[in-house]
Amino acid sequence: MEIKFIKNENLKNKPADQSKLGFGKLFTDYMFVMDYETGKGWHDARIEPYAPISLDPSAMIFHYGQGIFEGLKAYKAPEGRILLFRPDMNFKRANISNERLCIPQIDEAFAIEALIRLIDIEKDWIPTEPGTSLYIRPFIIATDPYLGVKPSSTYKFMIILSPVGAYYPEGLNPVKIYVEDEYVRAVRGGIGFAKTPGNYAASIRAQEKAYELGYTQVLWLDGIDQKYIEEVGTMNVFFVVDGEILTPALNGSILAGVTRDSTINLLKSWGYKVNERKISIVELYDAYNEGKLQEIFGTGTAAVISPVGELNWEGRKMVINNGEIGKLSQKIYDTITGIQCGKINDTMNWTVEVK
Ligand code: COI
């Protein structure tokens, strides 16, 4: 499919101070858009000026949340090369989410091609300071003007770009986490494994509760027994217990994170045993009391690695590694960001160059 280009005559000023980017507040000059209609398929692929879009107030996305999204990043390597990190994983997952939400499949190779075109046009927006990148947000929304609950027959697939710094204001400093025992994020048979707005909408109340109590995020327990650990905030979670690595097994209610997969592969390549299994909060608390809980960290595209310095489970406080970043958390962060920015040799073949 051809990708049309529509020139933007009003280019914005690029941010002067990269230390003040924050996360997801600024957007670049262009976006990618293509439309879907039953019988016609995906069509009218274009790169056009970033601008508000017009939708009917009855558009189905507003009412029933039939939509999906992805998140990945572009980086500028020292010699000016532009790198994407494992984009194939994101578009593969987009189609897994699409399947769950009854949204038509996209052509993954074409989506990567469109993204590469867009990044090439917007390459001057990629920030270069350590810890910064160009965050890429592909998403699909249901656009039929209709109030019945059924799959839409029209959709929009868009990609927008945002120069970003750290996701959490703490940066790589350990965050305090509240173990959430009232609200749940997802249940068996639900949509927890899909990257869809509803999962994030369901998480906001618990996040607000955690903030009010002085915590940055929550540790999610499973939606059935409220006993087994699932995710931390919007991230996957890892534990270092007595030198071994534990992470919850993908069970249908956990998102299959790209950074999760990269972390597991790196750890295995370094000779660590990585146990993907059910982990109860009781087991974790016991490990803590026996002095075996050495590190906890979250993994996600936005923050990459987010060390946990403290957990509060029903008033029982666990201070992890004296509230300091652990050696392994630091090593994984340095390695993944090093590969992403082209400063470390990419022996895993994870990066894709934009050229
Ligand atoms: C992550 O990368 O950690 C995410 O889940 C995306 C986030 C901005 C919601």
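Indexing begins at 1, ligand by ligand and atom by atom, following the structure's order.
Inspection of the Gln226 and Asp222 side chains reveals no N or O donor paired with an N or O acceptor under 3.5 Å. A donor-acceptor contact closer than 3.5 angstrom links the side chains of Ser19 and Asp17.
Exactly one of Asn199, Ile96, Asn251 qualifies for a side chain to side chain contact (heavy atoms under 4.5 Å, CB included) with Phe193. That residue is Ile96.
Taking Gln66 as the reference, Cys102, Ile103, Ala142, Pro151, Ser152, Tyr155 meet the side-chain contact (heavy atoms from CB on, under 4.5 Å) condition, with sequence neighbours excluded.
At a heavy-atom cutoff of 4.0 Å, ligand 1 is surrounded by Phe23, Tyr135, Arg137, Tyr167, Lys195, Tyr200, Thr234, Gly300, Thr301, Ala302.
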What side-chain donor-acceptor pairs closer than 3.5 Å can you find for residues 28-36, not counting sequence neighbours?
{"residue": "Thr28", "atom": "OG1", "partner": "Tyr30", "partner atom": "O", "Å": "3.3"}
{"residue": "Thr28", "atom": "OG1", "partner": "Glu122", "partner atom": "OE2", "Å": "2.6"}
{"residue": "Asp29", "atom": "OD1", "partner": "Lys12", "partner atom": "N", "Å": "2.9"}
{"residue": "Asp29", "atom": "OD2", "partner": "Trp125", "partner atom": "NE1", "Å": "3.1"}
{"residue": "Tyr30", "atom": "OH", "partner": "Asn8", "partner atom": "N", "Å": "2.8"}
{"residue": "Asp35", "atom": "OD1", "partner": "Lys156", "partner atom": "NZ", "Å": "2.8"}
{"residue": "Asp35", "atom": "OD2", "partner": "Arg46", "partner atom": "NH1", "Å": "2.8"}
{"residue": "Asp35", "atom": "OD2", "partner": "Arg46", "partner atom": "NH2", "Å": "3.3"}

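Residue Ile204 is found outside any hydrophobic cluster, as its side-chain heavy atoms come under 4.5 Å of no other Ile, Leu, Val, Met, Phe, Trp or Tyr.
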